**Student:** 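Take this structure, written in structure tokens, and hold onto it; I'll ask about it next.
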Amino acid sequence: MRILNKTIAEHVGTQVTVQGWLHKKRLLGGVTFINLRDRSGLVQVVIKNKDEVEKLRGLQVGTVLAVTGSVKEEPRAPGGAELHDASLEIMVPVTDEPPIEIDKPLSHKPDNLDTLFDYRVVGLRNLKEQAIFKVQAAVKEGARRHFFANDFTEFNSPKLLPGATEGGAEVFKLDYFGKDATLAQSAQFYKQIMVGVFERGFEINPTYRAEPSATTRHMTEFMHIDAEMGFTDMQGLLDFMSGLLNNTISYVWENAGEYLAQWNAEKPLLTEKIPQIPLEEVHQKYTEATGTSTVGEKDLRPDEERWICEYAKENLGSEAVFITEWPREGAKFYHKFKDDDQTVAERADLLFRGVEISTASMREHRYDKLVTQLQGMAGGNPEDPGFSYYLSAFKYGMPPHGGFGMGLERVTQKLLGLHNVKEASLFPRDINRLTP
RNA sequence: GGGCUCGUAGUGAAGUUGGCCUAUCACGCCUCCCUGUCACGGAGGAGAUCGCCGGUUCGAAUCCGGUCGGGCCCGCCA
């Protein structure tokens, strides 16, 4: 019977078998120590029999083994117990030396990221690399729990779309049996449509952006937490997001502590309701503080995003902050504008530790007004098959609603203090990288 | 897309005002020694046409041009 490595201490005094990968071997002459890795972690095996040690000659880290032995309590062993009198069964011998060493932390220096990703297939076997994605899995789980607790239904929308789209970011174009198609740059249309079905819905799926961005926070494919809720106003939406961020982070810290510790991650400082600052106020504060005038600009500069997060942490007790009151310029056609001021979009960007992790907005839900905005702001034709299906959801009744998209890798990156968002992606895709 | 910057064994680094480089170190790998290691320790060894092409020079890892491949920042976004 196979037992898991982490349960070793529960089997003291018995004969057990563990199975996994050779992670490290230390030959001291009369005694050899090996670390075996399985899904639960590492276990130490002590081998004194020369014939058993010889079985490992020429075999590299990665060799798949079954080890049978007796469990001894041993304070000097990691975990308090280890395997003795071991007999080894080589299940899959590995004779090729791994291209990178996986038993100690891998270099995450910007200059070495290329190597890190080139050898990702084996590099991910490194426990500290795994920890990133254990944390990421916990982020997803924590978010899902908050969604479910608030009556959201999880759905999956198509990522192959017809040529016409919402506009904005560059899209990947592809040939679809002779027709023009694109890869979804967001679940925007579908998640709004789902408001007419479930009222509240979300999905966690890939999104594609063909922007030739070469920064530490962009990829061409990333995981998007897309959500949309009906019968809400802007404040209700932001309150929900405050709860989402707080509860997700609490869940992660309660359930992924050992992985967070490997990156020395510090729990973010957050307020129950994340503070809100109007865009123009950020510009004014930044201008006053730095002497660089950004007053009147329609967007935030990256340096402003970093600055205002520091400001919010020190003065408002939160490492996350909503930027509200966005100008009409730069808004999407589906955005809703303030009823008493059509020049201001009901939109908010959620900044966390210096980067934008989410954009939220109220959507224009009135059919006639939406059609007008589509034509006027995006130059779109309501009859176009890329738009007509979307518009029909409004024609047949759509309540006031709003939603947001949140970048999973950016959240993970910022929770762990990673320098580049790609480090939080299993197999990152950017302008230059399509493999592994 | 614009600006700046980098490219040395499998990996990470040193050397880069031209010569002392026949290229240094650490990890990993191979051989041997070692009975409590956990970044084990010790002795020895293999492994690099210094990204590639061309130029300047008596002489190029080092200077120049081109090229390919990275990185950072900006624009844009999540």
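Keep in mind that this is a model prediction, so the values were computed, not measured. Throughout, protein chains are lettered first and strands after them, A, B, ... in sequence-line order, and every chain is numbered starting at 1.
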**Student:** Could you tell me whether A:Gln15 atom CD has more than 12 heavy atoms of other residues or ligands within 6.0 Å of it?
**Tutor:** yes
**Student:** Between B:A14 and B:A48, how far apart are the C1' atoms? Round to whole Å, please.
**Tutor:** 15 Å
**Student:** Looking at A:Glu266, I want to see if its CD is surrounded by more than 12 non-hydrogen atoms of other residues, nucleotides or ligands under 6.0 Å.
**Tutor:** no
**Student:** Tell me whether the side-chain N or O atoms of A:Glu82 pair up with the base of B:G36 as donor and acceptor below 3.5 Å, since no angle test is needed here.
**Tutor:** yes
**Student:** If you only use heavy atoms from C-beta on, which nucleotide in B:U37, B:C77, B:C72 is closest to the side chain of A:Gln44?
**Tutor:** B:U37
**Student:** Base, sugar-phosphate, or nothing: which does A:Glu409 touch, judged by heavy atoms less than 4.0 Å apart?
**Tutor:** nothing
**Student:** Consider the side chain of A:Lys422, meaning its heavy atoms from C-beta on, and name the nucleotide among B:A78, B:G71, B:C73 that approaches it most closely.
**Tutor:** B:G71
**Student:** Which nucleotide in the set B:C40, B:G12, B:C74 lies at the smallest distance from any side-chain heavy atom of A:Lys24?
**Tutor:** B:C40
**Student:** So if I take every side-chain heavy atom of A:Asp114 and compare against B:G69, B:C29, B:U37, which nucleotide ends up nearest?
**Tutor:** B:G69
**Student:** Take atom CD of A:Gln342 as the centre, draw a 6.0 Å sphere, and report whether it contains more than 12 heavy atoms from other residues, nucleotides or ligands.
**Tutor:** yes
**Student:** With a 4.0 Å cut-off on heavy atoms, is A:Met223 in touch with a base, just the backbone sugar-phosphate, or nothing at all?
**Tutor:** nothing
**Student:** Assign A:His23 to base, sugar-phosphate, or nothing according to its heavy-atom contacts below 4.0 angstrom with the strands shown.
**Tutor:** nothing
**Student:** Categorize A:His218 for me: base, sugar-phosphate, or nothing, with a 4.0 angstrom heavy-atom threshold over every strand shown.
**Tutor:** base
**Student:** Name the nucleic acid region contacted by A:Pro212, choosing base, sugar-phosphate or nothing; use a 4.0 angstrom heavy-atom cut-off, strictly under.
**Tutor:** base
**Student:** What contact category does A:Leu27 fall into here, base, sugar-phosphate, or nothing, at under 4.0 angstrom with non-hydrogen atoms?
**Tutor:** base
**Student:** Indicate yes or no: does A:Arg144 engage A:Glu141 in a salt bridge with an N to O separation below 4.0 Å.
**Tutor:** no
**Student:** Please determine whether a side-chain nitrogen or oxygen atom of A:Arg347 lies at a distance below 4.0 Å from atom OP1 or OP2 of B:A78.
**Tutor:** no
**Student:** Checking contacts here: which listed nucleotide (B:A78, B:C77, B:C27) is nearest the side-chain heavy atoms of A:Glu305?
**Tutor:** B:C77
**Student:** Please state whether the base of B:C77 and the side chain of A:Arg410 form at least one donor-acceptor pair under 3.5 Å?
**Tutor:** yes
**Student:** For RNA chain B, whose closest nucleotide is more 5', that of A:Ile431 or that of A:Ser213?
**Tutor:** A:Ile431
**Student:** Using 4.0 Å as the upper bound for N to carboxylate O, is an ion pair formed by A:Glu310 and A:Lys313?
**Tutor:** no
**Student:** Give A:Thr215 one of three labels, base, sugar-phosphate or nothing, depending on what nucleic acid heavy atoms sit under 4.0 Å from its own.
**Tutor:** base
**Student:** From B:G75, B:G36, B:C72, pick the nucleotide closest to the side chain of A:Arg76?
**Tutor:** B:G36
**Student:** Using a cut-off of 4.0 Å on non-hydrogen atoms, how would the nucleic acid contact of A:Ile357 be classed: base, sugar-phosphate, or nothing?
**Tutor:** sugar-phosphate
**Student:** Hey, mind stepping through A:Arg120 and A:Glu129 against salt bridge (Lys or Arg N to Asp or Glu O under 4.0 Å) and telling me if it holds?
**Tutor:** CA-CA 9 Å; A:Arg120 200 62 156 163; A:Glu129 295 304 310; 3.2 Å; yes
**Student:** Just call it for A:Arg57: base, sugar-phosphate, or nothing, with non-hydrogen atoms closer than 4.0 Å on any strand.
**Tutor:** sugar-phosphate
**Student:** How many whole angstroms separate atom CG of A:Asp349 from atom P of B:C77?
**Tutor:** 9 Å
**Student:** Nearest to the side chain of A:Gln60 - B:A78, B:C29, B:C74?
**Tutor:** B:C29
**Student:** Among B:G36, B:G71, B:C76, which nucleotide sits nearest the side chain of A:Pro110?
**Tutor:** B:G71
**Student:** Out of B:C73, B:G36, B:C77, which has the shortest distance to the side chain of A:Ala214?
**Tutor:** B:C73
**Student:** Does A:Lys298 qualify as a cation-pi partner of A:Trp326, given the criterion of NZ or CZ under 6.0 Å from the six-membered ring centre and within 45 degrees of its axis?
**Tutor:** no
**Student:** Distance between the P atoms of B:U62 and B:C52, in whole angstroms?
**Tutor:** 10 Å
**Student:** Between A:Met406 and A:Asn420, just flag the one whose closest nucleotide in RNA chain B comes earlier from the 5' side.
**Tutor:** A:Asn420
**Student:** Please answer whether B:G36 and A:Phe33 are stacked, defined here as ring centres separated by less than 5.5 Å and planes angled under 30°.
**Tutor:** no
**Student:** Within the structure shown, what part of the strands sits under 4.0 Å from A:Thr115 by heavy-atom distance: base, sugar-phosphate, or nothing?
**Tutor:** sugar-phosphate
**Student:** When all nucleic acid strands are considered with a 4.0 Å heavy-atom cut-off, which category describes A:Asn35: base, sugar-phosphate, or nothing?
**Tutor:** nothing
**Student:** Looking across every strand, which nucleic acid part, if any, lies under 4.0 Å from A:Asp103 by heavy atom: base, sugar-phosphate, or nothing?
**Tutor:** nothing
**Student:** Among B:G75, B:U37, B:C76, which nucleotide has an atom closest to any side-chain atom of A:Arg301?
**Tutor:** B:G75
